[in-house]
Amino acid sequence: MAILDNFLLIGLPYTALIVFLVGTIYRYKATKFSYSSLSSQFLEGRQLFWGAMAFHWGILFLFFGHLTAFLIPRQVITFNSHPLRLLILEVTAFAFGLIVLFGIITLLVRRISNPRLKPVTSRMDIVIIALLIVEVVLGLLVALNARWGSTWFAAVLTPYLRSIFILQPDIAAVSALPWLIKWHIVGAYVIFGLIPFTRLVHLLVVPLHYLWRPYQRVLWAWPRKKVRDPNSEWTFTKPGNN
Amino acid sequence: MEWKAMKIRIVSLFFLAGVFYGAAVFGQSEGEKLFKQICVACHTIGQGKLIGPDLAGVQQRRSEDWLTRFIRSSQTVIQSGDPVATALFEEYNRIPMPDNNYSDDQIRAIISYIAENSPGGPGAAETGGISPAPGRPLSEAGEANIQAGKNLFEGRTRLNNGGPTCNSCHNVKNDALMGGGALAKDLTDAYSRLGEAGVKAIVGNPPFPAMKQAYQNRPLTETEVFDLTAFLQHADRVRDTQQAKNYRTQLLFSGLGGALVLLLLFGGFWTRSKRGSVNRKIYDRQIKTI
C-alpha cells in the first residue's frame, strides 16, 4: 500500500503540476485561439442556462472554499470552532456541491442528447465531464460520511498540500485517511493534469476585463423590427447580414 | 568588590548556565526523545499495561527484526499472519498501533532505550521504569470539569493553543452536544475501551497520524486534557440514556433545500438572460416565409 500511496499522493501531484504547466504554455504558444470554452450557446441555450449557471456558481464557491482552507487554515479552524458556524458552513458548502452535480449532469445530458451539439463535442469533453461528475460525487460522499470536512481539511490536508508545494512531501497523515478521501484528492490531481487537453483551459482566460471595459454600442441604420418581418417589403435599404 | 573579579563571576555564571542548558537539551538521547514523544502514549516500561503491552524486556522476548517490522507497520505484520502479532492484536482489543516511518537507526535507538530502562538495565534503577506523567487523578473531577470538557469538545470554549475542535472529527452520543464528526472513531465508549490513562495519553499526545498532524505545534494543555477526559468518562457512563443523532440525513436534506433555493435564485435573478438559441430565431423566421 505504501507504494500506491507514494505514487498517488506524491508522484501524481508533481506529474499533474508539470503536465499542467508545460501543457498550458505549449497550447497557448501553439494554438492560441483554442484557449476558450468554445461556447455553444449559439446552438442551444435553455439547458445551458441551468447547467452552466448551477455548475459555475457552485464550482466557484467550492474552489474558493478549498483555497481558503489551504491559504488561511488557522482562521478557518477558528471560524469552525463554534458548532453553529460549522453547521452553517457545512450545509452551505453541501448545497453548492449539489448544484454543481445538478449543473454538470444537465450539461452532460445536453451534450449527449442534442443532435446540434454533436459536431462541436469532442471525446475529451465527455471524458472531462464524466471525471468531474465522479469528483463531485466523491466530494459529496466525503462531506456526508467523513464529517466535518471543513475543519479537518484545514488541520490535516493543508499541511500535506503545503508539504507538496515546498517540495518536502509528507504523506504520513494523509495516507492514514479513508480511501474515499484519497480518491477525491487523486481525482483532483487527474483533472488538474488534464486541464491543458480540454476546454477547461478557459478558466485561465476568464474575461474579467468585461467587467470594466467600456460597453460597445451597436448602431442599426434601419428599423430592425420591420426589416425582420419577412412579409414587409424593402422600403429603403436592403438588409445586410444580421 | 573589584570590577575584574565581578566580571569573571558574571561570565562564569553565564558559562555554567549554558552548560546546564546544553546538558538538558542535548543530554536526551534520540531513543528517549522518540519514546517520550510517541510510544509513551500507549506503552510503559516496567509500569504495567496501558493501551498496549508493557515493553519491559521486549528486546529479549522478540528479535530486533520482528520489532523493526512491527514498529514500522504493525498492521502489515498482522495481515501477514504472524501468530504473535495476531494474538497481541486480539489481546489489546483490536486497537491498531499506528505506523511509524522511522529509520533503522531510530528504531535501534528506541529499542536500546527500552533495554536501558527495563528491569536490570542501567537506567531502570534510577527511574524505576517509564510511564506517562501521572497528573491529577480523575477521581478529583467534578461537575465543573465535565461541563468544561463538554464545551471544549464541542468548541464553545476554544482550545488554548488553537487546535481544531474534537467534534470536527469525533462523535460522542450525548443529548447536550451537537452531532460530531464521522472521520475518526466514535468516542462514546472511549473511556471503557481505553481507561483513564489511555484516554489521557491519547488526548495529550496523539499517536494516530492524522490526529498527530492536526495537533502538531498546538498541543492541548494539561487542564484541557483533564477536563476532556472527565467529560468522556461522564459521556460513557450516561451513554445508554442518550439519543443518537443522525446528522448525515439532516445534512443531505438541508443541502437539498439549499440547492433548491439557489436554483430559484438563478431562475429569478437572471430572468432576462437569453435562453433560446440564436439559431432558433433565425430558423423560425425562415419557417414563417414558407
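Every chain is numbered from 1 and lettered A, B, ... according to where its sequence line falls, protein lines coming before strand lines.
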When A/T151, A/L87, A/N145 are compared by non-hydrogen pairs under 4.5 Å with chain B, the top option: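 Ranked by contacts with chain B, first place is A/N145.
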When A/T158, A/D170, A/I99 are compared by non-hydrogen pairs under 4.5 Å with chain B, the top option: A/I99
Heavy-atom pairs under 4.5 Å with chain A: which of [options] has the most?
options	value
B/P209, B/A182, B/G258, B/A210	B/A182
B/E154, B/R218, B/M211	B/E154
B/Q213, B/R156, B/K212	B/Q213

Residues which pass salt bridge (Lys or Arg N to Asp or Glu O under 4.0 Å) with A/E90, listed by chain and number, not counting sequence neighbours: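 Residues passing salt bridge (Lys or Arg N to Asp or Glu O under 4.0 Å) with A/E90: none at all.
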Mutual orientation of the aromatic rings belonging to B/W270 and A/W57 [parallel < 30°, tilted 30-60°, perpendicular > 60°]: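 Answer is tilted, since the angle falls between 30° and 60°.
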Intermediate values then yes/no, side chain to side chain contact (heavy atoms under 4.5 Å, CB included), A/L43 and A/R110: CA-CA 11 Å; A/L43 303 169; A/R110 171 177 176 271; 5.8 Å; no
Working for side chain to side chain contact (heavy atoms under 4.5 Å, CB included), residues B/Q250 and A/V91: CA-CA 9 Å; B/Q250 276 176 330; A/V91 171; over 6 Å; no
Donor-acceptor contact present, side-chain A/S39 to main-chain A/Q41, <3.5 Å: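 Yes, the answer is positive, given that a donor and an acceptor are paired below the 3.5 Å cut-off.
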[X] portion near chain B, given a 4.5 angstrom heavy-atom threshold:
X	answer
A/A54	both
A/L101	neither
A/P178	side chain

Ring centre gap for B/F70 and B/W66 strictly below 6.0 Å: yes
Qualifying ring-ring contact (aromatic ring centres under 6.0 Å, His included) pairs, either residue in residues 154-178 of chain B, two or more places apart: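 Sorted result for residues 154-178 of chain B: empty, none.
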Pairs flagged by ring-ring contact (aromatic ring centres under 6.0 Å, His included) wherever residues 150-171 of chain A is involved - sequence neighbours left out: A/H66-A/F153, A/F70-A/F165
A/R213 charged N/C atom sitting above A/Y215 aromatic ring, 6.0 Å / 45°: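 No cation-pi geometry.
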Contact listing (chain B partner; residues 133-144 of chain A; heavy atom under 4.5 Å):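 When heavy atoms of chain B are the reference, residues 133-144 of chain A contributes A/A143, A/L144 within the under-4.5 Å range.
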Under 4.5 Å from a heavy atom of chain A, the part of [X] involved:
X	result
B/L263	both
B/R248	both
B/L256	both

Short N-O contact, B/D104 and B/R72, less than 4.0 angstrom: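 Here B/D104 pairs with B/R72 in a salt bridge, since their nearest N and O are under 4.0 Å apart.
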Test item: side-chain donor near acceptor, A/T121 and A/R111, under 3.5 Å: yes
